[in-house]
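A short write-up of the structure that comes next.
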Number of protein chains: 2
Amino acid sequence: MRKLPAKLASQLYGAAELIAERGLDGTKIEDIAEATGIPKATIYYHLDGKNAVLEFLLSDLLDMIAGAVGVAVLSAEDARTRLEAAVVAQLGVMLEHPFLCRALVGDLGRATRLPELALALRAAFYEPIEQLLADGVADGSLRQVPNPGAVALSVFGAITVAGLTAAVEGPSDDPSADAVRLSASISELIFDGLATRPRRADDKPQ
Amino acid sequence: MRKLPAKLASQLYGAAELIAERGLDGTKIEDIAEATGIPKATIYYHLDGKNAVLEFLLSDLLDMIAGAVGVAVLSAEDARTRLEAAVVAQLGVMLEHPFLCRALVGDLGRATRLPELALALRAAFYEPIEQLLADGVADGSLRQVPNPGAVALSVFGAITVAGLTAAVEGPSDDPSADAVRLSASISELIFDGLATRPRRADDKPQ
DNA sequence: CACTGGTTTGTACTTCCAGTACAACATACG
DNA sequence: CGTATGTTGTACTGGAAGTACAAACCAGTG
């Protein structure tokens, strides 16, 4: 698959809302052509069909997330702090691109069946978390758990579902503020849990 | 939509694996007809098309989950204990029906776009958790959090993603044992969090 | 038994849409 | 200029969803 010119790429984003709204099935290639201004024949010249349109849009989203999280993870802090930063980063990107998130949720099945996307999904969402959890055990900032894989998956689920839902529900005026707010709640859950217990003074995350 | 006779219903389950494998798009009505032994004309006599097949299968799964969780939630224990029971119940049903879970994940988008299913999804997965979190604050077994909605959503995500992944990855020989194991990990995360901190003796859940 | 109303099913048909073919045109670059 | 590479309109093909319908089938019920 050729990599398509920047101009077309930017036009293609015009299809995101459409696909988010109706799903890829409910969206005719002709609709996409009309919405983006790219004629059908041109779309087919560059892309191998409908799936490729989705694949292009989503891999872009996933790259953005993987990138932002990658940066957040690089700092010299302990793993716990970096995990918090990663959560904010991930949610930030998601809330900034609600349509792409909706499209992702809506066509998750297709996405996971497109091999490249499935990998990108893992790389963007799951792997950084898994890594940070392991780092945290190593540097003492996170607790050792009996079944790290399952826990990493749950943490991944907690973050991602909250983020996707927030993105799906309503595009907001100030995505990054929302991301910070939301990630505070999630971090609190992930780090401190919900059980009632006396908390020490230095325990407070923010 | 008429409610279809028991015999046909049971035959329809023969389509679950097919749909799980290829997604609804990748499955022709004729394939479903062949796999279930129900001729196409008969399918159309009872159901309003492809979507209705998925809708039937999934609403059945969701009813099972909602039922099992509903029972778990009814006990006289405190909310925290009931939440733990609900997690086991939910995971138990999910791991017992891996094909339906795969179908659910694969066609999540379609599912959320089918109004009845979207409701059933909420009722099965999210609402019980939301309720238990509120109960827990009331009876003192769970901590009060600033943003209960977001936390409920994250908890829901943690449980559901872990469960779906486990169900999708591999049908197991002993689903209920797996469910117990998995739910122990998840409960530990949800209740105690991952932060390192000295834990008091009476803190230990099991 | 015969009549009646709902099921069941085969077959043929219509419709819609993804994807293809191709020719005409544009643009760029040597 | 000429060759290569992109752009686009138009017409076509193929496949699958869903429909139409008639023939058969199976209760019950009088």
Side-chain angles (χ1 to χ4, degrees), chain A residues 1-59 103 106-111 113-117, chain B residues 1-58 103 106-107 109-111 113-117:
Chain A
M1 194 156 64
R2 300 159 267 263
K3 66 174 195 295
L4 74 176
K7 187 184 169 195
L8 288 188
S10 79
Q11 283 180 280
L12 257 194
Y13 282 93
E17 186 168 356
L18 213 56
I19 294 175
E21 205 68 46
R22 314 187 199 162
L24 195 62
D25 291 324
T27 313
K28 287 177 278 198
I29 283 277
E30 298 281 10
D31 296 341
I32 296 177
E34 195 179 351
T36 59
I38 312 171
K40 175 175 147 176
T42 307
I43 295 178
Y44 275 106
Y45 180 77
H46 289 284
L47 299 168
D48 315 349
K50 242 176 159 188
N51 277 346
V53 174
L54 185 72
E55 193 162 354
F56 167 76
L57 291 175
L58 292 189
S59 65
D107 285 287
L108 190 65
R110 225 194 223 87
R113 241 171 258 114
L114 268 23
E116 280 185 42
L117 263 192
Chain B
M1 192 155 64
R2 300 159 268 261
K3 65 173 192 298
L4 74 176
K7 187 184 169 196
L8 289 187
S10 79
Q11 283 180 278
L12 257 193
Y13 282 94
E17 186 169 355
L18 213 57
I19 295 175
E21 206 67 46
R22 315 187 196 163
L24 195 61
D25 291 325
T27 313
K28 288 178 276 199
I29 282 276
E30 299 281 10
D31 296 340
I32 295 177
E34 196 179 349
T36 58
I38 313 170
K40 176 175 148 175
T42 308
I43 295 177
Y44 276 107
Y45 181 76
H46 290 284
L47 298 169
D48 313 351
K50 241 175 160 187
N51 277 347
V53 175
L54 185 72
E55 192 162 354
F56 167 76
L57 290 174
L58 293 188
D107 285 288
R110 229 195 218 85
R113 239 171 257 115
L114 267 23
E116 279 185 43
L117 263 193

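Just so we're clear, the structure is a prediction, and the values are computed from it rather than from any experiment. Protein chains get the first letters and strands the later ones, always in sequence-line order, with residue 1 at the start of each.
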Approximate separation, where rounding is to 0.5 Å, of B/Glu30 CD and B/Ile43 CD1: 8.5 Å
Reported NZ-to-CG distance for the pair B/Lys28 and B/Leu18, which is rounded to 0.5 angstrom: 10.5 Å
When the side chains of residues 32-42 of chain B are checked against the rest of the protein, which donor-acceptor pairs come out under 3.5 Å, sequence neighbours left out?
unit_1  : atom_1 : unit_2  : atom_2 : d
B/Thr36 : OG1    : B/Ile32 : O      : 2.7
B/Thr36 : OG1    : B/Ala33 : O      : 3.4
B/Thr36 : OG1    : B/Ile38 : N      : 3.2

Can you tell me how far the CZ atom of A/Phe56 sits from the CG atom of A/Leu8, to the nearest 0.5 Å? 9.0 Å
Between P of D/dG18 and NE2 of B/His46, the distance in whole Å: 17 Å
In whole Å, I'd like the distance from the CG atom of A/Leu47 to the P atom of D/dG6. 14 Å
Would you say the side chain of B/Thr27 lies within less than 4.5 Å of the side chain of B/Val53, judging by non-hydrogen atoms? no
Residues touching DNA chain C, which here means a heavy atom under 4.0 Å, drawn from residues 12-22 of chain B: none
Nearest heavy-atom pair of A/Leu58 and A/Ala111: which atoms, and what distance? CD1-CB, 4.2 Å
Taking atom CZ of B/Arg110 and atom CG of B/Leu24, what is their separation to the nearest 0.5 Å? 4.5 Å
Round to a whole Å and report the spacing from OH of B/Tyr45 to C1' of D/dA23. 15 Å
Nearest-Å distance for atom pair CG/P, residues A/Leu4 and D/dT8: 13 Å
On a heavy-atom basis, the closest approach of B/Ala103 and B/Ile19 is CB-CG2, 4.2 Å
Generate the contact string for nucleotides 15-24 of chain C. Rules: B means base contact, S means sugar-phosphate contact only, - means no protein heavy atom under 4.0 Å. --SSBB----
